[in-house]
Amino acid sequence: MTKLSYRQGEALGRIENQLDGKYSGWLVGAEDGTEPLVLKNGFPVKLLRKDIPRRDVNKKVGLPGDLGFEFSAEGIEIGDRLELHACNGEHSWLVHVKVAEQRVPAGAILQQVMKAREVATHPDSVAIACWESSHNPIGRAHVLYNVIARHRPAFLFSFNFPEFGTRLWAPLENDSFDRIVIPWEERHQYFALFQMVDLHFPTIWLSKPRLPTFELAARISGKTTKLILDHDDNDHHFSKQTKADRYYGPNSVPLASYLQQGITAHTAASATLAEECDAEIVRHARATHHTITPPAANPAAIKIGFIGTVRPHKGLIEAARAIRVSSWNLQIPLEFHVYGDFSPASLKDDLTELGVIVQDNVRNADLFDLISTFDLVLTGFPTQGVNDENITRYQISSKIGDALAVGRPALVPYSQSVADLENIKGVFIFHGSTFSASVKNALSLQTEIGLPHQFSFDGAYEAFHAAEAKAGTPPMSFSLLAEDKARQAIAPQDTLVLLWKQNDAGIYGRRIDQIARSYKSLFPSFRVIVLEFCHRTTYDSILKQTFEFSGDAKIVGPAIERKIARSFRDGFGVDYHTILHTSVGSLNEDFMAYLIEQRISPTHSTLILFPVIRFLEEI
């Protein structure tokens, strides 16, 4: 083995936060071919993915490339020393050290599913189904989760598509809420677990009519589940603007539309969507937020702020110009602050050139304190884009509720989707030609701004409750998305699994065989399995009858092959299985795959280590 040597200063990188059983990080080296190596207390940790696009890191370090990586957090304990090393094939050097602040036990996926199942057993529980978690779609789903969680047990499910990143959407990254984030390429493993533990919710609130949302809901629904579909955008329009090869792209629209027709209950964020979908209005609800506003850096200036997803149709370039003109017209120094996720990235540079103060994503936990430092909150500006009307006709900004929650006036560009808010105190609807007047009126408002009932969590829950009363059970069309679920719908068998330390069970009448056979004779309805683990090198050595195995290889070898094939059952009805694995690092994944294959779960199974085998304790 090549001895590692260490040199400082040739790479930059970080191990970042843990989320859903994985740590993320990034690494950029001065040399081509620099690879990340992560050690836990001096031992290598399994790298799950590398070469992940990280646009935020590209901006930070000023270098191109896919600089992100992920490694497994399973088995990491609080206080473990995690080291990021950079390797170039000949040398390795330390780049960053992080001390783990959170315990991630082995089998985290199964534990997540079992926690969801415990929530689902409550007769009034509600699951929120969201099609994507690495960008802003989960923002609306998180609102729906909060609406429910204040009144009933709630759990949020979402997919993660790698093209949007591998982390939870930045504003929610440090928020604590019950969720399962399913990597799209691993979805069938999760689906099998859902089926295995009979996971289904009494009510599912689907966030956005995208095909992956329906796919997810079909997997966590039962025959009597009530379905409610929430709308807050023109999602069919957005789907059609997506690349054709994407599962949620234009080719998905016909099936999504067909599935939507079978749902009888709807909620919507705007009046225009509510009218089109015959839906109850559920605003982007907020709680009243009381904060002490710090003194302004420039007390003479009026701060106008926007925090959110920065896209061309939001009109912020036009807004920056209009604010400059209004400052001159009103003879008031106006500062424009824009914080959030910029796409395309060039919008950030364009705004900076116009004198705008810009900043990247703001954590949800810091949002309201930051908004309270603004004098006025801007939610967008009228644009002249050809396709913008397809969006603005239905879209309503969540920033309206943010502003009202902290008692700040909201400057809202006119569209049909906000016309019904004209009489709400604190909401100032403007056209391009009336922007300066709206700024002046907002600044001269003397009365205190409060959070209207329809923008509160209680008001949103009342609308949800009304929709739930109209909700029907899953339509027949949902079976299209869960055909394999129907095929696998067989009752699981009570099972005892005995984990054995060697590769000779079932042959010589070991004590493990006596225990297994005795139990099977006492409880014949139980399935009894003796499970062994065999490393690939050991397996090869046995088959080749090398020196250390020459004595009994002719007896053990054929038995192991039968155990790997799951075809070894003795005369007492005991099954003998072997998991063939290539490394200790892959053992948990191999074991999880085995549990799914054999339909073994905590709902009906017991696992016993006999004897206690240290390297299997985490399993």
Pairing residues for Arg55 by the salt bridge (charged side-chain N to carboxylate O under 4.0 Å, His left out) criterion, not counting sequence neighbours: Asp341
Going by salt bridge (charged side-chain N to carboxylate O under 4.0 Å, His left out), name the residues that satisfy it together with Lys440, two or more places apart in sequence or in a different chain. none
Taking only residues at least two apart or on different chains, which pairs with a member in residues 311-335 satisfy ring pair (Phe, Tyr, Trp, His ring centres under 6.0 Å)? none
Give me each pair satisfying salt bridge (Lys or Arg N to Asp or Glu O under 4.0 Å) with a member in residues 146-162, each pair once, sequence neighbours excluded. Arg152-Glu468
Are any of the side-chain nitrogens in Lys98 or Glu16 under 4.0 Å away from the carboxylate oxygens of its partner? no
Side-chain atoms of residues 347-357: list all donor-acceptor pairs with protein atoms under 3.5 Å, sequence neighbours left out, distances to 0.1 Å.
{"unit_1": "Lys348", "atom_1": "NZ", "unit_2": "Asp360", "atom_2": "OD1", "d": "2.8"}
{"unit_1": "Lys348", "atom_1": "NZ", "unit_2": "Asp360", "atom_2": "OD2", "d": "3.3"}
{"unit_1": "Thr352", "atom_1": "OG1", "unit_2": "Lys348", "atom_2": "O", "d": "2.8"}

Mind checking what makes side-chain contact (heavy atoms from CB on, under 4.5 Å) contact with Asn160, not counting sequence neighbours? Glu132, Ser133, Ser134, Val181
Please enumerate all residues that pass side-chain contact (heavy atoms from CB on, under 4.5 Å) together with Thr309, with sequence neighbours excluded. Asn136, Trp169, Arg311, Lys314
Which residues pass the salt bridge (charged side-chain N to carboxylate O under 4.0 Å, His left out) test with Asp366, not counting sequence neighbours? Arg363
Within-4.5 Å side-chain heavy-atom neighbours: Phe464 and His151: no
Between Lys115 and Asp178, does a salt bridge (Lys or Arg N to Asp or Glu O under 4.0 Å) hold up when you go through it step by step? CA-CA 9 Å; Lys115 185 175 183 181; Asp178 286 335; 2.9 Å; yes
Which residues pass the ring-ring contact (aromatic ring centres under 6.0 Å, His included) test with His453, not counting sequence neighbours? none
Tyr190 and Phe157 aromatic centres sub-6.0 Å: no
Tell me the salt bridge (Lys or Arg N to Asp or Glu O under 4.0 Å) pairs involving residues 133-148, sequence neighbours left out? Arg140-Asp230
Can you establish whether the number of heavy atoms outside Glu448 located under 6.0 Å from its atom CD is more than 12? no
Glu163 bridged to Arg246 by N-O distance under 4.0 Å: yes
Would you call Lys208 and Asp233 a salt bridge, taking side-chain N to carboxylate O under 4.0 Å as the test? yes
The criterion is salt bridge (charged side-chain N to carboxylate O under 4.0 Å, His left out); which residues satisfy it with Lys399, sequence neighbours excluded? Asp402
Regarding Asp235 and Arg210, does a basic nitrogen lie under 4.0 Å from an acidic carboxylate oxygen? yes
All ring-ring contact (aromatic ring centres under 6.0 Å, His included) counterparts of His431, not counting sequence neighbours: Tyr414
Lys/Arg-Asp/Glu bridge criterion (N-O < 4.0 Å) met for Asp420, Arg283: yes
